[in-house]
Amino acid sequence: MLDEPRAGRFAAWGNALLAGLVSPDEAATRAVADDASHRVVELPGEPGPVGLTLAFGRLRALGVAGLRIALPAPGHPLGLCGPPEFNERALEAGEAVLAAGAPGRAAGADTALGLIPEVSTAGPAGDVLTQVVWRCVPVRQAPPADVPSLGEAERELNEVLRETTAALMTLDVAGAGPATRARLDAYRARMERGRQLLAPGYPPRAARVLELAQRVAGLVELAGGGDHGGAVSAAEIAERDRLLRPVERAARRARVAAYNAYAEELERQRG
């Protein structure tokens with residue numbers, strides 16, 4: 001959970017482009033970030049793979065005004081809207097982008113587009129190149145599952161932290177081992193280098209909720225590392241996992257709410 005979801009970068013910078021706040025090249029560069037390349041395939045109107053600059057332009061031409069994300073997990077189809085085939089592929093990837101307002105390949109008023117990342121890597125450790133192919137498929141034009149408002153997400157995060165922090169400290173599971181601490185230190189270093197949360201056009205509250213969700217995700221990673229933190233017995237490990245599940249769920253819901261805030265605000269303005 002410490003890594004920024006690719007779907008989040010795609011949606012945030014795609015929304016900034018759709019709003020006319022950044023150039024196509026900047027939006028594409030920010031969405032690709034440290035990956036070697038991103039391509040989009042099966043995009044309506046395009047016969048072959050295209051880069052993100054062209055893909056964002058095509059989505060705008062198709063009538064897309066806002067992009068949302070989904071971050072599903074087993075038993076929790078967060079942000080998904082169907083059909084089942086799309087949900088299954090998005091669950092396997094762990095993320096997806098939803099482009100509402102665009103006709104799919106089988107044109108119709110009830111069809112939108114979904115984009116699912118297919119990630120491949122090559123090269124030796126320390127010099128790995130990551131390539132991403134976004135596969136575009138028709139999805140239902142329906143409300144996404146279980147996505148809270150920004151206010152609900154913020155309240156839920158604060159409540160679940162209050163309820164679980166004391167119990168976790170009692171179990172001494174926050175003292176994760178060196179591997180988990182190294183990941184957390186690397187994550188904090190990226191944050192301190194000035195990584196911009198979200199993109200131009202998002203409300204300040206969305207950035208605040210996303211920052212809180214990222215911090216909570218860091219706590220979950222620290223407490224739930226593969227080295228089992230400070231928990232030493234099977235019973236303690238099981239109890240730690242039970243306590244962390246609602247925290248992890250709340251953090252994912254908050255991330256989706258933050259990234260989706262731009263599209264949600266557009267819909268509110270339309271009435």
Side-chain angles (χ1 to χ4, degrees), residues 1-18 22-60 62 64 66-73 78-81 85-100 102 104-105 112-139 144 183 186-187 190 193 195-199 210 214 217 252 255-256 258-260 262-263:
M1 286 188 67
L2 292 182
D3 295 324
E4 185 179 22
R6 291 183 173 89
R9 295 201 307 265
F10 188 112
W13 290 98
N15 282 330
L17 171 62
L18 293 172
V22 298
S23 69
D25 286 343
E26 181 180 2
T29 297
R30 293 280 197 157
V32 171
D34 295 332
D35 295 332
S37 66
H38 283 217
R39 308 283 283 175
V40 180
V41 299
E42 300 182 32
L43 186 62
E46 296 298 333
V50 298
L52 289 193
T53 301
L54 196 157
F56 285 142
R58 172 58 64 185
L59 290 173
R60 179 165 52 188
L62 287 167
V64 173
L67 301 171
R68 292 181 171 87
I69 75 166
L71 295 178
L78 176 62
L80 298 178
C81 58
E85 296 81 5
F86 169 75
N87 289 357
E88 290 171 6
R89 293 167 70 175
L91 178 59
E92 182 178 355
E95 58 182 321
V97 174
L98 301 171
R105 285 165 292 183
L113 294 173
L115 298 104
I116 303 170
E118 300 173 357
V119 182
S120 61
T121 58
D127 191 25
V128 175
L129 293 179
T130 300
Q131 295 180 318
V132 180
V133 173
W134 293 90
R135 193 163 300 277
C136 190
V137 298
V139 298
R183 282 199 68 199
Y187 169 73
R190 290 199 302 272
R193 284 200 299 266
R195 180 179 63 82
Q196 181 174 358
L197 286 176
L198 295 175
L210 181 57
Q214 301 284 52
R252 275 192 302 111
R255 291 173 107 178
V256 171
Y259 283 113
N260 290 4
Y262 177 86

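When a residue number appears, it is its place in the shown sequence, counting from 1.
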**OP:** Identify which one of I69, V64, V139 satisfies the side-chain contact (heavy atoms from CB on, under 4.5 Å) criterion when paired with L98.
**Re:** V139
Original post:
With side chains defined as the heavy atoms from C-beta onward, is the minimum distance between F10 and P117 less than 4.5 Å?
Top reply: no
Subject >> Inter-residue atom distance L80.CG - E88.CD, 0.5 Å rounding >> reply: 11.0 Å
Original post:
Which heavy-atom pair separates A31 from F56 by the least distance, and what is that distance?
Top reply: CB-CZ, 4.4 Å
Original post:
Looking at CZ of R60 and CG of L62, how far apart are the two atoms once the value is rounded to the nearest 0.5 Å?
Top reply: 11.5 Å
Original post:
R9: what forms a side chain to side chain donor-acceptor pair (under 3.5 Å) with it, not counting sequence neighbours?
Top reply: D35
Subject >> Minimum-distance pair of heavy atoms, taken over all atoms of L18 and Y262 >> reply: C-OH, 4.4 Å
Original post:
Excluding sequence neighbours, so at least two apart, what forms side-chain contact (heavy atoms from CB on, under 4.5 Å) with P144?
Top reply: R68, V147
**OP:** Measure the spacing between CG of L91 and CG of L71 and express it to the nearest 0.5 Å.
**Re:** 11.5 Å
Original post:
Residues two or more places apart in sequence or in another chain: which of them pass side-chain contact (heavy atoms from CB on, under 4.5 Å) with S37?
Top reply: Q131
Original post:
Looking only at heavy atoms, what is the nearest atom pair of F86 and G114, with distance?
Top reply: CE1-CA, 3.9 Å
Original post:
Which atom pair, heavy atoms only, marks the closest approach of I116 to A96?
Top reply: CG1-CB, 4.3 Å
Subject >> Test side-chain contact (heavy atoms from CB on, under 4.5 Å) applied to L59 and V97, L17, L54, L43, the passing residue >> reply: L43
Original post:
Can you tell me how far CG of L210 sits from CD of E4, rounded to the nearest 0.5 angstrom?
Top reply: 7.5 Å
Subject >> Shortest non-hydrogen contact from A199 toward A12 >> reply: CB-O, 3.5 Å
Original post:
Shortest non-hydrogen contact from P72 to G94?
Top reply: CD-O, 3.7 Å
**OP:** Carefully, step by step, assess V119 and R6 under the rule side-chain contact (heavy atoms from CB on, under 4.5 Å).
**Re:** CA-CA 10 Å; V119 182; R6 291 183 173 89; 3.9 Å; yes
**OP:** Using the test side chain to side chain donor-acceptor pair (under 3.5 Å), find all partners of R135 that sit at least two apart in sequence or belong to another chain.
**Re:** E42, E118
**OP:** Could you list the residues that satisfy side-chain contact (heavy atoms from CB on, under 4.5 Å) with A73, not counting sequence neighbours?
**Re:** R252
Subject >> Partners passing side chain to side chain donor-acceptor pair (under 3.5 Å) against E46 (at least two apart in sequence or in another chain) >> reply: R58
